[in-house]
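Labels below follow one simple rule: chain letters A, B, ... track the order of the sequence lines, proteins then strands, and each chain is numbered from 1.
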Number of protein chains: 2
Amino acid sequence: MSPHSGLALPARKVEYLKFIFESGGTARTNDIASAFSVDPSTITKTFAELTSGGYLLHTPYRGVTLTDAGRRDAAFFIRRHRILSLMLVRNGLSPKEACNEVRRFESMVSKKAVDRICEFMGHPRQGVCGEITHDDEESTLNAERMALKMSLEH
Amino acid sequence: MSPHSGLALPARKVEYLKFIFESGGTARTNDIASAFSVDPSTITKTFAELTSGGYLLHTPYRGVTLTDAGRRDAAFFIRRHRILSLMLVRNGLSPKEACNEVRRFESMVSKKAVDRICEFMGHPRQGVCGEITHDDEESTLNAERMALKMSLEH
DNA sequence: ACTAAATTTGGTATAACGCCAACATTTACT
DNA sequence: AGTAAATGTTGGCGTTATACCAAATTTAGT
């Protein structure tokens, strides 16, 4: 499994990273534990693993922040989710069905496949559960999210 | 997870059942062990699990046979594989890529989704890695396969 | 009957999850 | 500041899904 195949992380870690990304790049243990209804201790342990994998920085008792690599990968995970959901919608599923279906298997779909599907669909911008971001835009959009979160936390 | 969601079995067991189905409904430990390059003891254990799950009948030291339920499910697994592969081919992937991609995630795709996609694609007959069988035909075709295998083993 | 091949058993291992109880830290309130 | 509540962490344990190895068993061929 090459490091950029898109298959480096198991399903649950992908979900957590997407969530952190969408929360502006930072999160605390309880944010995730309650969002996913799992025990906080599970999240602490997952933070440790994602930190040693280079996806997160963990400051004990304070929370995590995505690293650059983590942000890049999370952006891909979100894009992958949206491309695949859109593909299913274009193949007969309702948006909600598509989203749920994709959540179960997305972690097993390679970047190469996603890129091909994306190209084939004409690099759509509007997905079924949010905008689809294409490479260059990711950093920009995320920077905005970060700035917003910073200002909210002052 | 309802019993007919199509998600009752983990990936590897799905692969094994598909293989047994395509071998005519019966197989011996070594057939599977060598086809998948795993230790025979792993297969023996999996046979036990699939037997207690009602998918197989296992006669120790002699091999397994699909039960009716096992045959029905295996037929669905194969149909699912082909429908999904075809969808990916129709969305930009090569047949080989599609097959390999689908093998990784097919076990997570529900029957309901497959049925919708199948309908949306117009109940295609020709898949990218074999014919796509639709409900009524399954028993017929499989009966033929069984008969063939019987005659070969005389 | 004897041996070789196939199969099974029993033990062990890994990854990916998750829970609980006990302990530690931080925060918020009086 | 002092303490209680909220939050987070540790250590232990459990499950499912896979797989391997070595030893024992069964079957098959001569």
In short, B/Leu17 meets B/Ala74 closest at the heavy-atom pair O-CB, 3.8 Å
Indicate the ring-plane relationship of A/Phe105 and B/Phe105, choosing parallel, tilted or perpendicular according to the 30° and 60° boundaries.
-> parallel
Salt bridge present between A/Glu106 and A/Arg103 (N-O < 4.0 angstrom) | no
Look at all strands and tell whether A/Thr29 reaches a base, only sugar-phosphate, or nothing, counting heavy atoms closer than 4.0 Å.
-> sugar-phosphate
Are any of B/Arg28's side-chain N or O atoms less than 4.0 Å away from OP1 or OP2 of C/dT8?
-> no
Counting just side-chain N and O atoms, does A/Asn30 come under 4.0 Å of either OP1 or OP2 of D/dG8?
-> yes
Between A/Lys111 and A/Asp115, is the closest basic N to carboxylate O distance under 4.0 Å?
-> yes
B/Tyr61 OH - C/dT7 P separation (whole Å) = 10 Å
Any sub-3.5 Å donor-acceptor pair from A/Arg82's side-chain atoms to A/Cys129's backbone N or O?
-> yes
Look at A/His58 and D/dT9 and indicate whether a side-chain polar atom (N or O) is within less than 4.0 Å of OP1 or OP2.
-> yes
Could you check how far CG of B/Leu56 sits from P of C/dT8, rounded to whole Å?
-> 12 Å
With the threshold set at 4.0 Å, does a side-chain nitrogen-carboxylate oxygen contact exist between A/Glu15 and A/Lys18?
-> yes
Nucleotide by nucleotide, nucleotides 13-21 of chain D touches protein heavy atoms under 4.0 Å in the pattern (B base, S sugar-phosphate only, - none) ----SSSBB
